[in-house]
Amino acid sequence: MQAIETALESMRQMLEIDGYTLTVGADESVVTLTVAATEAACSECLIPKDLFATMASDSIVKGDIEFDESQLRIVYPVDLERDA
């Protein structure tokens with residue numbers, strides 16, 4: 001898990017600049033990346049989920065971690081609002 005978080009650090013930093021947080025969770029063989037909005041969030045700054053998933057998967061693989069995009073679940077602020 002720590003290796004994945006390290007691989008995603010640059011994405012986390014980019015999100016923070018736009019007012020978002022990124023948390024990483026794992027459940028069996030699925031890695032969940034949760035993007036949450038802070039009060040300072042740029043409402044137009046998030047890219048489509050599928051593109052975000054591809055970028056995250058690429059970052060993880062570049063970190064020398066064996067990984068397949070099918071193991072990734074992305075949760076965006078709109079998903080969090082819907083579940084609330």
Side-chain angles (χ1 to χ4, degrees):
M1 181 66 98
Q2 181 61 42
I4 291 174
E5 289 191 26
T6 299
L8 295 172
E9 185 58 31
S10 64
M11 288 186 77
R12 180 189 319 274
Q13 290 173 1
M14 287 188 299
L15 286 165
E16 286 176 356
I17 289 169
D18 290 327
Y20 295 92
T21 61
L22 175 66
T23 55
V24 180
D27 181 12
E28 295 177 22
S29 63
V30 176
V31 174
T32 300
L33 303 182
T34 303
V35 178
T38 67
E39 289 182 20
C42 169
S43 62
E44 300 169 4
C45 292
L46 283 177
I47 59 176
K49 266 191 198 182
D50 58 340
L51 181 56
F52 185 90
T54 299
M55 291 173 63
S57 293
D58 288 349
S59 294
I60 293 168
V61 169
K62 286 178 185 172
D64 267 347
I65 301 165
E66 201 169 308
F67 188 80
D68 184 284
E69 192 172 324
S70 67
Q71 297 172 286
L72 190 60
R73 177 175 175 250
I74 307 296
V75 179
Y76 261 13
V78 67
D79 303 321
L80 296 171
E81 291 170 8
R82 195 175 325 135
D83 293 342

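For the numbers below, each heavy atom of this structure counts, side chains included, while hydrogens, waters and symmetry mates do not. Note that the numbering runs from 1 along the sequence shown for the chain.
- Rounding to the nearest 0.5 angstrom, the gap separating the CG atom in D18 from the OG1 atom in T38 is 9.5 Å.
- The ring pair (Phe, Tyr, Trp, His ring centres under 6.0 Å) pairs that include a residue from residues 55-75 number zero, where partners must be two or more places apart or lie in different chains.
- No path of Ile, Leu, Val, Met, Phe, Trp and Tyr side chains, each step under 4.5 Å between heavy atoms, connects Y76 with V30, placing them in separate hydrophobic clusters.
- Take Y20 and apply the ring-ring contact (aromatic ring centres under 6.0 Å, His included) test, not counting sequence neighbours, and it matches no residue.
- Closest non-hydrogen pair, S59 versus M11, comes out as OG-SD, 4.0 Å.
- When every heavy atom of E69 is checked against every heavy atom of S57, the shortest pair comes out as CG-OG, 3.2 Å.
- Of all heavy-atom pairs spanning P77 and A37, the tightest one is CG-N, 3.9 Å.
- Cluster membership check: V75 does not share its hydrophobic cluster with M1, using side-chain heavy-atom separations under 4.5 Å among Ile, Leu, Val, Met, Phe, Trp and Tyr.
- Environment of CG in D64: sparse, with no more than 12 heavy atoms of neighbouring residues, nucleotides or ligands closer than 6.0 Å.
- Contact check for T32 versus T23: no side-chain heavy atoms found under the 4.5 Å cut-off.
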### Task
Take L8 and I60, measure what side-chain contact (heavy atoms from CB on, under 4.5 Å) needs, and give me the verdict at the end.
CA-CA 7 Å; L8 295 172; I60 293 168; 4.0 Å; yes

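- Taking every heavy atom of both residues into account, L33 and A56 meet most closely at CD1-CB, 3.6 Å.
- At a threshold of 4.5 Å between non-hydrogen side-chain atoms, the residues R73 and D27 do not count as touching.
- Q13 places none of its side-chain heavy atoms less than 4.5 Å from the side chain of I17.
- Judged as a disulfide bond (SG atoms under 2.5 Å apart), not a single pair has a partner in residues 10-40 (not counting sequence neighbours).
- In plain terms, the two heavy atoms of R12 and V24 that are nearest each other are NH2-CG2, 4.3 Å.
- Ionic pairing of D79 and K49 is present here: one or more N-O contacts between side-chain nitrogen and carboxylate oxygen are shorter than 4.0 angstrom.
- Contact record, A53 with L72: O-CD2, 3.5 Å, taken as the closest heavy-atom pair.
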